[in-house]
Number of protein chains: 2
Amino acid sequence: MVTRGRTDGTRPVAADGVPDAVGEDATGGEGSAAPVSVLRPVRAGNGFEETLEQVLQLLRLGLVPPGDRLPAERELAQHLGVSRVTLREVLKVLQDQGMVESRRGRYGGTFVLPRAAAADGSDELRRRVAAVDVEDTLRFREVLETGAAGLCADGLADGGAARLRAALEATQGARLEDYRRRDTLLHLTLAELSGSRSLAAQYASVRATLNELLDCIPLLVRNLEHSQQQHAAVVEAVLDRDAEAAREMMREHCAGTAALLRGFLA
Amino acid sequence: MVTRGRTDGTRPVAADGVPDAVGEDATGGEGSAAPVSVLRPVRAGNGFEETLEQVLQLLRLGLVPPGDRLPAERELAQHLGVSRVTLREVLKVLQDQGMVESRRGRYGGTFVLPRAAAADGSDELRRRVAAVDVEDTLRFREVLETGAAGLCADGLADGGAARLRAALEATQGARLEDYRRRDTLLHLTLAELSGSRSLAAQYASVRATLNELLDCIPLLVRNLEHSQQQHAAVVEAVLDRDAEAAREMMREHCAGTAALLRGFLA
DNA sequence: GGCTTAAGGTATGACAGAGAACCATTGATT
DNA sequence: AATCAATGGTTCTCTGTCATACCTTAAGCC
């Protein structure tokens, strides 16, 4: 795993026992234990895996709904900063999994298949879910969501209010099978309107993970109705510029999902 | 088959960075305009640049204070998931910049030099600061900090309280030149104790950027004293398990820094 | 029908980077 | 003084990835 412990006990600078990352000395003494713990592997796997991650995110967020076409390979590859060859390897896998379908010729492309077909058989996807740190995901999500709601309430950019209302309405008219997608888009909109690109990007990432978890548990209509009310309340608070209320409502909303997931996955 | 090798299978934290631009196709409606906008380039530059970023983060966060030794090249390279050759190219640059110094032999290593020597001459570093999205940084920081404070107040792991107190005390006894570092460590501790690895990782990243910005403006003793009081209040609220108060104090604390930076950089 | 065009499918040469082995240096230990 | 061990310094090879060019398919347009 990550916190590498060093097999032979020789260590030049103290640090016995538990190497907590930021464990610190007092007065300027040396002896930071394991400063490296904040380091993120520059390459979290190889190009293939990272690309797969990104494309899956696109699908899981519902940004490209079933039936729709992904951007052309050349374009997508450029966006991802990856060669077309590498991207094609990823698409090949997704095709084998029955998640997408490629059609040649003009007006062809790579199309997203409805989720049913995916059949979940894949080891790849199962291992993926198993590897998720649920607690991390839920906590981080709550932080980002409440933060985004607060920032939005502090001031929306031009057109923000309209986009928010539109996204909210879209969820209200959604059929059950489309609800998850609309819900995701509403939250993504909020994150985007927060005015912090970093926040939006992180939310997209964590939300993709969250959706993966949510796919593992049943969708209850009652929770859904409750969610709807909370969505409306959050949006209302944001439009009223009541940051405190927006945060509080959002926190409650997230807590609901979190409780549900903890219950089912624990 | 596409089972690419790679020995370690680590994926501890998410990545950061979110550039994106590129005009969009937008061929006739369809509803979803630019789904690709959430895509993060898989490789934000080459291995060298990303590695440089990470090592700089280590230095800017003060996790390895001046005079101390970085982890051995072999170890550091492994942590970063990068080859030793690549890491060495990075260290070479830092050495040329006068930021670190390498000594051979047993008990040798790569040592961090005091900041004065760095002299800021480098174009590399200047371009870096110029490229920062200040507003993004400040907002994202506030979100993460308040979130971390709230989560900590909701419940600390064993030993968390002690670590927090220790980190707080360390800042109080700090001399001016060491204050920034202790301050950073206190906040990092809080982030780490939040129980979300993702949050901690993101905070580390954003804090490194923030420190870079703070290095551009004068350090005022008055602000410093004020900060001290706020630190104490936040820690107190956390230990009292008063999440709301912790969040509110932290928000205020962040707002102070933000106002300062906006004032000087605007 | 034949041409045009936009998409996926295929092949190849160049390069960056990983991995491993080896060399050189230095302080501590014997 | 000799040895050891941990570190930086160097070099080699091999593999993944990129960039590019070209082929194939299929829908629209003349």
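Proteins come first, then strands; the chains are lettered A, B, ... in the order of their sequence lines, and each starts at number 1. These numbers come from a predicted model, not from an experiment.
Here D:dG28 is the nucleotide among C:dG8, D:dG28, C:dG17 with the atom lying nearest to any side-chain atom of A:Y107. Among the nucleotides C:dA7, D:dC18, C:dA18, the one closest to the side chain of A:R69 is C:dA7. Residue B:T86 places its side chain closer to C:dA18 than to any other of C:dG9, D:dG28, C:dA18.
Checked by atom type and distance alone, the side chain of A:D136 pairs as donor or acceptor with a backbone atom of B:R197 at under 3.5 Å.
If you measure from atom CG of B:L76 to atom P of D:dT7, you get 12 Å, rounded to the nearest angstrom. Straight-line distance from the CD atom of A:E73 to the C1' atom of C:dT10: 11 Å, rounded to whole Å. Rounded to whole Å, atom P of D:dG8 lies 9 Å from atom CG of B:L87. D:dG8 atom C1' lies 13 Å from atom CG of B:L70, rounded to whole Å. The nearest whole Å value for the distance from the CZ atom in A:R88 to the C1' atom in D:dG16 is 17 Å. As a whole-Å value, the separation of A:E89 CD from C:dA11 P is 14 Å. Look at CG on B:N46: it is 12 Å from P on D:dC18, rounded to the nearest Å. The CZ-P distance, from A:F111 to D:dA26, rounds to 13 Å in whole Å.
At the phosphate of C:dG8, OP1 or OP2 sits under 4.0 Å from a side-chain N or O atom of A:T110. Side-chain nitrogen and oxygen atoms of B:S83 include at least one within less than 4.0 Å of the OP1 or OP2 phosphate oxygen of C:dA18.
Where A:V85 and A:R104 meet DNA chain C, the nucleotide closest to each residue was compared, and A:R104 sits on the side nearer the 5' end. Looking at which nucleotide of DNA chain D each of B:Q95 and A:G105 is closest to, the 5′-most match is held by B:Q95. Heavy-atom distances to DNA chain D give each of A:R84 and A:R106 a nearest nucleotide, and the one nearer the 5′ end belongs to A:R84.
B:R103 comes within contact range of the sugar-phosphate backbone alone, with a heavy-atom separation under 4.0 Å but no base atom that close.
Atom CG in B:L185 sits 10.5 Å away from atom CZ in B:R163 (nearest 0.5 Å).
No side-chain heavy atom of B:V93 sits under 4.5 Å from any side-chain heavy atom of B:M99.
A:T171 and A:D183 form no side-chain donor-acceptor contact under 3.5 Å, judged by distance and modelled atom types alone.
Ion pair A:R182/A:E169 not flagged as a salt bridge, since none of the NZ, NE, NH1 or NH2 atoms sits closer than 4.0 Å to an Asp/Glu carboxylate oxygen.
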